[in-house]
Structures are given as C-alpha cells and as structure tokens.
Amino acid sequence: MASLRQRNEKAFSYLYDNYSSALYGIVNAIVVDKEIANDVLQNVFVNIWKKIESYDASKGRLFTWMLNIARNASIDEIRSKGFKDSQKNQSLSENVDIAGSTSPAIDDVGLKKVLTKLKGDLRVLVDMSYFQGFTHEEISKALNIPLGTVKTRIRSALIQLRTMIQ
Amino acid sequence: MTIEEYISSGIVEGYVLGLASDEERNEFEKMCKQHPEVLAARTAFEIALEKQAMENAVAPPSFLKNKILSGLNFSSENTIAPAKVISLPAAVPAKNLSWLKYAAAACLILLAGSIYLNISLSNKNKDLQNTYNNSVAELNEVKKGMEIPSNPNVKMAAMNGMDISPKSFATVYWDTASHDVYLLANNLPAPPTDKQYQLWALLDGKPIDLGMLNYDLKQKKLLVRMKNAQDAQAFAITLEKKNRANVAVPEGDMYVMGKL
C-alpha cells in the first residue's frame, strides 16, 4: 500500500496484473462497447493513480474502492454527450431497458449474471441504480413509482443480492 | 432497530456498492466504528463481492497495459535517494544506463531537429526582412514621386507625340525653386539597342541637355530625376545614337514635346 501511495511503477504494474480484469469486467457490464471500455479502463487507472492518497482503509477494502472508481468512471462515460451520440446510431432495442422495460437485453456477465436471478422488477431497479447510475429520485420519476417504494425495493433487492453472492 | 436488523436491512450492500446516500454512508461509517459486527458484515460482503468479480473477470486486451501504465507519471526513480545515485554512479543498474542511452539519443534527435528548425526559420526570417526592406524602399520611392506633382513650386509639361510617333507621351515635372527635373515616361516605344532617349529643355528655341533616359530604369520607377534646368519654356525628348561626340547638340528625331 505504501508503495502505491508513492506511485511506484512496480506497485501499479502489480495492481494492474491482479485487478484490471475484474475492473474491466464491471466496466464492460456498464459501457458494453469494447473500444469505449478500453478508454474507460484507462481512466479508471488514471483515477486510481490520482486518488490513491485519499483511499481510506477504514472505510473499505482497496478492491471495493477501485470497483467504485470503475463504476463511477463507466457511468460518467455513458452519461457523457459523446457516448450518447455514439449510441444514437444503434438499434433502439439496446436502449429499451434504460427506459424501464422488463427485460434488459444485456450480456449476462459478472454482477449482471447475479442480477438475472432477481425478480424482474427488482432487477430493473438494481440495473438502473447500480449499472446506470440513476438516483432513487430519477428512477421514481422514470418508472412512475413512489420514491419510498423505490427505496424499499432496492433495499430488498440488495438483501437478496447478498445471499446470492455469498 | 437492533444491530442484526440494521445489518440485514440492505445498508451493508448499499454502502459497499456505492448506492447509499451521503446520510446513510455517514451513519454506516459510525456504526462500523461502534459495532464490530457491522464492520465484520461489511468486510464479509466486500470479500464476497471481490471473489464474485474475480470469478467473472474479463481480461482487457494485452496492449492496454503498456498504454495505461505509460500514461501515468511514475515517480518510481525518485524513491531511490538521489545522494545514493550521485555517490555511487558505478552502482547504477545497467537497465538505467540503457534507459539513459535512449534518453540521450532522443535528446540528440530533438536537438538536431531544433537546430534545423532554427536555421530554416532564421533563413526564412532573413528572406522576409529583405523583402520587407525592399518593399519599404520602393514605397518611399513611390511616396517621394507622389509628393513631387503636389508641390506648389512644381510646374508640369505634358509632352505629346510628334508625327514620327503620335502615340508617344511623357511628362516633365520641373521644380521652379530647386530647378529639379523629373521625367515620367508615360508611353515611349522601346529604343533600338544602339540608341537612347535624351531629354532637353528648350529656352528661346535653344536646346539644353537634361540627360539620357535609362529606358530600363523607367520600367522600375515612376519618376526619374534628370539634370537640373535653370530655366525652360518647353521640354522635348529625342532619340539619339549612343556614345555620340557632342551630347549638347541634338541630332536624332524628336519624339515628344510640350510647353510649360
């Protein structure tokens, strides 16, 4: 950890060798497009490198911290204007789940595979909040469900997720 | 809410996955410090999540590692105390030396490129400076020429073509104060190679030599300064043989003539 803080090249090389695949998995689950995923993974490591000072071990494991950086970088990308423009040319079906339909047409890898085991409506809620970064308020508006219900259902989905993962 | 209920409320997962609100996060971090079982639940879920992510890892393309790592500004070499490197130069690993070699080569290439660029820019600059100086000189010449006709002391004689060359036309500007004479050859046919034009002042019917006209010069300058004329009633141009004995006497044909 100390050598990471000193931004030692070997330490980062080690970090990359051990965690890039896991982080690439989460990036791919969110941005889908491989080319963009490559750019996002680069951003992820730039962010890890920049923010390593602010990592606080008392608040969680290093991997959890990196996973959240990967998720945030991916969501930033899909919410960027450039990404939205690039998606305009693609078929509508891929974007249907963003609008809140019942069956996300996504590659079922990693966490997403776990998601498929959730009940339909819970799956949509977790997909929107975790993989697309919508706030509870945004989900409430988009799906026309009361905010309290969104929160309760996401809680319930998270509880189920826990048992599925463990 | 008991601790057990709190742990199983979904807050652990929400916190770890980054879905908790700021308020929930602050509360959860407090709870982790106060209740070891909350911290244990968090760590357990983190490990499970990590394991799950590792099992579902997707290897990025191999070229990406170099691209990403080379994009980071490592301070790696700085971790070696500088004094150590200086006092023990022989102990510098060979790897670092080869790196230095490449760096030196790169510096030389950059230096050569820079020198080349400097020289070519300097040459270009000189060319531009010359062009600029010439332009300024020409402009001053033109300005000076333009000032002459507007001087109130200057009189003008428009010399029209004679029968021998009716289309010929030239203008003389004569400064009555300074006696300077300027010639503007508006339209004169190119002379044969063995001949040249000569300007005359006419006073009481007598011609006074005001000099030969360099025909090439006329192409370049608007106004050509000729010999001074103390007094004149009219001006004329004749076409004379080159190198004749007495230039004070006109021998050739008169091309243009005009009174003041």
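Within every chain, numbering begins at 1; the chains are lettered A, B, ... in the order of the sequence lines, protein sequences first and strands thereafter.
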Looking at B:Met54, B:Arg25, B:Arg42, which one has more heavy-atom pairs under 4.5 Å with chain A than the rest?
-> B:Arg42
Best-contacting candidate, B:Gly14, B:Ser8, B:Gly71, against chain A by heavy atom pairs under 4.5 angstrom = B:Ser8
Side chain, backbone, both or neither: which part of B:Glu50 has an atom under 4.5 Å from a heavy atom of chain A?
-> both
Is a side-chain donor or acceptor of B:Tyr15 paired with a backbone partner of A:Lys59 at a separation under 3.5 angstrom?
-> yes
Sequence neighbours excluded, the answer for side chain to side chain contact (heavy atoms under 4.5 Å, CB included) partners of A:Glu137 is A:Thr135, A:Leu147
For B:Glu55, side chain to side chain contact (heavy atoms under 4.5 Å, CB included) partners two or more places apart | B:Lys51
Residues in side chain to side chain contact (heavy atoms under 4.5 Å, CB included) with A:Arg153, at least two apart?
-> A:Asp121, A:Leu122, A:Leu125, A:Ile145, A:Thr149
More than 12 heavy atoms of other residues, nucleotides or ligands under 6.0 Å from CG of A:Asn144: is that the case?
-> no
Can you check whether A:Tyr16 reaches B:Leu64 side chain to side chain, under 4.5 Å on heavy atoms?
-> yes
Taking the side chain as C-beta and beyond, is there a heavy-atom pair between A:Arg61 and B:Val16 under 4.5 Å?
-> no
Heavy atoms of other groups near B:Asn140 CG, more than 12 under 6.0 Å = yes
Return yes if a side-chain donor-acceptor contact under 3.5 Å exists between A:Ser13 and B:Lys65, otherwise no.
-> yes
Got a donor-acceptor contact below 3.5 angstrom from the A:Asn28 side chain to the B:Pro60 backbone?
-> no
Closest heavy-atom pair, A:Arg71 versus B:Leu17, reported as atoms and distance to 0.1 Å, is NH1-O, 3.6 Å
Between A:Ile154, A:Thr64, A:Val27, which shows the greatest number of heavy-atom pairs under 4.5 Å with chain B?
-> A:Thr64
Between B:Ile11 and A:Arg155, is any pair of side-chain heavy atoms under 4.5 Å apart?
-> yes
d(A:Leu161 CG, B:Leu19 CG) to nearest 0.5 Å is 9.5 Å
In Å, rounded to the nearest 0.5 Å, how long is the span from CD1 of A:Ile159 to OG of B:Ser9?
-> 6.5 Å
Atom of A:Phe63, atom of B:Ala53 and distance for their closest heavy-atom approach = CZ-CB, 3.6 Å
Validation row: B:Pro61, A:Lys34 side chains within 4.5 angstrom (heavy atoms) = no
Of all heavy-atom pairs between B:Phe63 and A:Asn38, which one has the smallest distance, and what is that distance?
-> CZ-ND2, 3.8 Å
Where on A:Asp39 is there a heavy atom nearer than 4.5 Å to chain B: the side chain, the backbone, both, or neither?
-> side chain
In this structure, are over 12 heavy atoms from other groups packed under 6.0 Å from B:Glu23 atom CD?
-> no
Who in residues 40-48 of chain A is close to chain B, using a strict under-4.5 Å heavy-atom cut-off?
-> A:Leu41, A:Gln42, A:Phe45, A:Val46
Do B:Glu24 and A:Lys151 meet the salt-bridge criterion of a basic N to acidic O distance under 4.0 Å?
-> no
